[in-house]
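Here is the naming used below: chain letters follow the sequence lines, and residue numbers restart at 1 for every chain.
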Amino acid sequence: MWDRNQMAERAGRELQDGWYVNLGIGIPTLVANYIPEGVNVTLQSENGMLGMGPFPFEGEEDPDLINAGKQTITELPQTAYFDSAQSFAMIRGGKIAMAILGAMEVAENGDLANWMIPGKLVKGMGGAMDLVAGVGRVVVVMDHTSKHGESKVLKACTLPLTGKAVVNRIISNLGVLDVVPGGLKIVEVAEGVTEAELRAATEGTIVD
Amino acid sequence: MKKIYPTAAAALDGLLFDGMLIASGGFGLCGIPELLIAAIRDAGTKGLTIASNNAGVDGFGLGQLLETRQVKKMISSYVGENAEFMRQYLSGELELEFNPQGTLAERLRAGGAGIPGFYTATGVGTVIADGKEHHDFNGKTYILETGIIADLAIVKAWKADPSGNLVFRKTARNFNPPAATSGKICVVEVEEIVPLGALDPDSIHLPGIYVHRIVQGQHEKRIENRTTRKKEA
């Protein structure tokens, strides 16, 4: 079974040289630590930046330089800044090759739910709906099951959707699944996990 | 026409009225018009609808207007950082219209650009699409979203010249330009007013045609989520 960092490392292998990529909050943020050697990607922060650099050294924080998680960050030699309308123009316009983001539920048809649980505190969708509707490829990084062992990879989402039929690939702690016509296809099984365990933890239809 | 005003209160004089729609720049606490927000709090204007990506934090930014119950409705994409906001929202005192972040940015841009509505794929198949016109283009479904024209835009920039040309700094630009253009009137607070000719005309982020009033002042520029890395020894 993969831990957070192993999931991030696996997600890092999705990146291709020259791509512009948006990383969501949580495990997806860790993917920045696992960009493979020789692969040059530019990270977009939807609050208006291409070319996101690492966190600043203590004492060098700049209140005018944050990422979409409101964390202080730094710029790189290739950094460009722009306003929010232009930021989402490049997202909506399909210029961002891939978004990697977290999920509460994914369905076998690629439906994604990651922004609200009815009856619980709703914070908002932020840019997630725009990203999943606009970018070239959507990769979800998530735990395969809930704390109670229930599958989060479902036939149909039970939670309100972030996007309809938008997910291309799921990277979970148990393995990698692709959304294909008719259901989900197993791409890879995590170390220490059997294919039978992966199938048992998946409610959605698995096609061969 | 003189655009420079001595204080935030003076810059807002005669512009505020109960029930108005205000568009505010800023992302989190980055690039928020903190002086103008404080002046609106002091003016006591009520029943406000505010289009802003976020709602500040408790006691700072737009959180100040929530504490004084001056806000009737927020149009935002993410409001998770503000306990008083949540309390008022859950008790039904405050209306909330969630907009996807890019849809909100484009609604402000479109409103300011004379575009009353636009189609977007964002939110199709979600609750955001409920009740909205759907239209297919080239086999793909889109929903109709409307432009926002605000009674007043409040904006934070880094530098202005006396004609209102603006330069923003790093990610503090964010929603400020689209919010500015959406306003029938736009009031801008800056860190520095530079002489005419001091800004490179090729490097102006927002031309002064969108800017009606300017005030210079001291900004706290609070950091919401200070994150650092260790220097290697």
Whether over 12 other heavy atoms sit under 6.0 Å from B/Gln218 CD: no
Proximal component of A/Glu46, with respect to chain B [non-hydrogen, under 4.5 Å]: both
A/Ala133 to B/Lys140 - nearest heavy-atom pair and separation: O-NZ, 3.9 Å
A/Asn67 portion near chain B, given a 4.5 angstrom heavy-atom threshold: backbone
B/Tyr78 six-ring centre to A/Lys123 NZ/CZ under 6.0 Å and within 45° of normal: no
Contact leader toward chain A among B/Gly25, B/Gly28, B/Pro100, B/Ala121, where contacts are heavy-atom pairs under 4.5 Å: B/Pro100
Contacting moiety of B/Val124, where chain A heavy atoms sit under 4.5 Å: backbone
Reported OG1-to-CG distance for the pair B/Thr122 and A/Leu131, which is rounded to 0.5 angstrom: 8.5 Å
Distance in Å, A/Leu161 CG paired with B/Thr126 OG1, rounded so as to fall on 0.5 Å steps: 7.5 Å
Side chain to side chain, B/Asn174 and A/Phe82, heavy atoms closer than 4.5 Å: no
Residue A/Tyr20 excluded, over 12 heavy atoms near OH under 6.0 Å: no
Contact class of B/Glu220 relative to chain A, heavy atoms under 4.5 angstrom: neither
A/Leu121 versus chain B, the contacting section by heavy-atom distance below 4.5 Å: side chain
Region of A/Ala68 in contact with chain B, defined by heavy-atom distances below 4.5 Å: both
Closest contact, heavy atoms only, B/Gly123 versus A/Met129: CA-SD, 4.1 Å
Least distance between heavy atoms, A/Asp130 atom then B/Gly102 atom: OD2-N, 3.0 Å
side-chain contact (heavy atoms from CB on, under 4.5 Å) assessment of A/Gln71 paired with B/Glu224: CA-CA 7 Å; A/Gln71 296 170 305; B/Glu224 195 163 344; over 6 Å; no
Chain A contact via B/Ile128 - which portion, at a heavy-atom distance below 4.5 Å: side chain
Among the listed options A/Met125, A/Lys164, A/Met116, A/Gln86, the residue most often paired with chain B at heavy-atom distances under 4.5 Å: A/Met125
cation_pi(A/Lys70, B/Phe27) dist<6.0 Å, angle<=45: yes
4.5 Å side-chain heavy-atom contact, B/Asn225 and A/Thr72: no
Side chains of A/Asp64 and B/His219 in contact at under 4.5 Å (non-hydrogen atoms): no
Part of B/Asn53 lying under 4.5 Å from any heavy atom of chain A: neither
Max heavy-atom pair count under 4.5 Å with chain A, selected residue of B/Cys30, B/Ser77, B/Ala105: B/Ser77
Selection from B/Arg107, B/Arg109, B/Met86, B/Arg222 maximising heavy-atom pairs under 4.5 Å formed with chain A: B/Met86
B/Ile149 atom CD1, over 12 foreign heavy atoms within 6.0 Å: no
B/Thr227 OG1 to A/Phe55 CZ distance, which is reported to the nearest 0.5 Å: 5.0 Å
A/Lys95, NZ atom: more than 12 neighbouring heavy atoms under 6.0 Å: no
Step-by-step salt bridge (charged side-chain N to carboxylate O under 4.0 Å, His left out) determination, A/Asp62 to B/Arg169: CA-CA 11 Å; A/Asp62 184 339; B/Arg169 188 170 175 276; 2.7 Å; yes
Check against salt bridge (charged side-chain N to carboxylate O under 4.0 Å, His left out), A/Glu60 and B/Arg229: CA-CA 10 Å; A/Glu60 295 177 6; B/Arg229 68 189 147 128; over 6 Å; no
Side-chain touch B/Phe168/A/Tyr81, heavy atoms, less than 4.5 angstrom: no
Proximal component of A/Thr79, with respect to chain B [non-hydrogen, under 4.5 Å]: neither
Residue, of B/Thr103, B/Leu96, B/Leu206, B/Asn82, that accumulates the most heavy atom pairs under 4.5 Å with chain A: B/Thr103
Toward chain B, the part of A/Val132 with a non-hydrogen atom under 4.5 Å: neither
Check: A/Phe88 and B/Gln101 side chains under 4.5 Å, non-hydrogen atoms: yes
Pairwise side-chain contact, B/Lys170 with A/Met49, heavy-atom cut-off 4.5 Å (strictly under): no
Among A/Gly59, A/Gly127, A/Ala85, A/Pro56, residue most engaged with chain B (heavy-atom pairs, under 4.5 Å): A/Pro56
B/Leu90 portion near chain A, given a 4.5 angstrom heavy-atom threshold: side chain
